[in-house]
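The structure appears right after this line, and notes come after that.
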Protein chains: 2
Amino acid sequence: MNNKQIETIRHFNRKYTQQLGILQKNVFNSEISWAEARILMDVGYMKNPTPMKIAINLDLDKSYVSRVINKLNNLKYIEKKDTKKDKRTKLLYLTNTGKQVVEQLNINSDKQIQLIIDNLSNEEQESFYQSINTLNQLLEKGGINHVEN
Amino acid sequence: MNNKQIETIRHFNRKYTQQLGILQKNVFNSEISWAEARILMDVGYMKNPTPMKIAINLDLDKSYVSRVINKLNNLKYIEKKDTKKDKRTKLLYLTNTGKQVVEQLNINSDKQIQLIIDNLSNEEQESFYQSINTLNQLLEKGGINHVEN
DNA sequence: CAAAGTAGTGGCTTTTGTCCACTAATTAAT
DNA sequence: ATTAATTAGTGGACAAAAGCCACTACTTTG
């Protein structure tokens, strides 16, 4: 991999995060902010989510995560349950309301994605998807910061 | 483009921003924060950068950008020059120091990219690059929020 | 069992940004 | 051409997002 190629990747990173940043502002609702939405969605996606695992996964401070989780808990979006194995940790669950909110966030997110690809032809859309798919697989292998079970 | 495909893209967005978020924390130096670095780099990348264009490009409030630019100006990273055409706007330039800082930020950024692709084989790296390259081109066409000259 | 480490929490601070009002300059409308 | 409406940049005040540190309760290691 030469410098020119690295530079292309850097360019993509800049451009794509910028675009996502703009889109994400339209994703979350008035109840919760983007960071809070990210954490909520992570509770939905993770296998056995605990505050600590989420903090590591999203690279956020654990005290910040703790506060956000309390807020989400007050909103009745998630529940905290003590574990028997380790009395320090708490397992997190989405409530039914929480699941609905996550679902809505995903719908909003998908709409924003559509905004980008709607400008592309069918062939280009397919090409877009294939590239993303490839990157997903490569990230799965090469990516950093895997948080397991 | 079906739902399954959209979902794959959403998954990528989540995963990739997460990875980038982690990496970016290792990019900026002690003098300036990440948001400040973003603005500084934008001054370097844009054609005829003005505070307003940067605010639009990064989707930031203009008063915030104004303050950051003043800080970067105090650090002697950038210069503000009045334009003759429109006396309201100020054109921004990197100083030599500023160019060095941007260069260093890019180097740091590249190192972080290397961290990801180092885990991949040569073929996979090539594949990674090709996908990124395709996405760059498609974003150029389909993307939103183009800020021109 | 003592020592070292870990999960979660709260107080406090910094970073990041928003909102508003204002000035000076530019552009549009009459 | 003069007035009216917009626009770029700035500063004050404030709010939201996130980080740092110290602490408690619990667990793991030796």
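To find a chain, count down the sequence lines: A is the first, B the second, and so on, and within it residues start at 1. Keep in mind that this is a model prediction, so the values were computed, not measured.
- Across all strands, A:Lys25 comes closer than 4.0 Å only to sugar-phosphate atoms, never to a base (heavy-atom distances).
- Axis angle between the ends of the helix from C:dC1-D:dG30 to C:dT30-D:dA1, five pairs each and rounded to 10 degrees, works out to 40°.
- Within the structure, side chain to side chain donor-acceptor pair (under 3.5 Å) pairs that include any residue of residues 125-135 of chain A comprise A:Glu126-A:Gln130 (at least two apart or interchain).
- With sequence neighbours left out, the side chain to side chain contact (heavy atoms under 4.5 Å, CB included) criterion links A:Asp82 to A:Lys90.
- Listed by chain and residue number, B:Asn13 satisfy the side-chain hydrogen bond (donor to acceptor under 3.5 Å, both in side chains) test with A:Tyr16 (two or more places apart in sequence, or in another chain).
- Side-chain atoms of A:Asn108 and A:Gln104 include a donor-acceptor pair closer than 3.5 Å.
- Within the 4.0 angstrom heavy-atom criterion, only backbone atoms of the sugar-phosphate kind lie near B:Trp34; the bases stay farther away.
- Not counting sequence neighbours, A:Gln100 has no partner by the side chain to side chain contact (heavy atoms under 4.5 Å, CB included) test.
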Show me the side-chain donor-acceptor pairs of residues 31-46 of chain A shorter than 3.5 Å, one per line, residues at least two apart or across chains.
from, atom 1, to, atom 2, distance (Å)
A:Ser33, OG, A:Glu36, N, 3.4
A:Ser33, OG, A:Glu36, OE1, 3.3
A:Trp34, NE1, A:Gln24, OE1, 3.3
A:Glu36, OE1, A:Ser33, N, 2.7
A:Glu36, OE1, A:Lys71, NZ, 3.1
A:Glu36, OE2, A:Lys71, NZ, 3.2
A:Asp42, OD2, A:Asn57, ND2, 2.8
A:Tyr45, OH, A:Asn106, OD1, 3.1
A:Tyr45, OH, B:Arg10, NH1, 3.2

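- Here A:Lys25 pairs with B:Asp59 under the side chain to side chain contact (heavy atoms under 4.5 Å, CB included) rule; sequence neighbours left out.
- Annotation: side chain to side chain contact (heavy atoms under 4.5 Å, CB included) contacts of B:Asn122 (sequence neighbours excluded): none.
- Cluster note: B:Ile107 groups with no other residue, as no ILVMFWY side-chain heavy atom lies under 4.5 Å from it.
- Within 3.5 Å, no donor on the side chain of A:Arg67 pairs with an acceptor on the base of C:dG8, nor the reverse.
- Residue A:Leu60 is classed as a sugar-phosphate contact, given heavy-atom separations below 4.0 Å to backbone atoms only.
- In this structure, the salt bridge (Lys or Arg N to Asp or Glu O under 4.0 Å) partners of B:Glu124, at least two apart in sequence or on a different chain, are A:Lys141.
- Protein chain B contacts DNA chain D over a range whose 5' and 3' limits, counting nucleotides with an atom under 4.0 angstrom from a non-hydrogen atom, are D:dT7 to D:dG19.
- Near DNA chain D, defined here as any heavy-atom distance below 4.0 Å, the residues from residues 74-91 of chain B are B:Lys80, B:Arg88, B:Thr89, B:Lys90, listed numerically.
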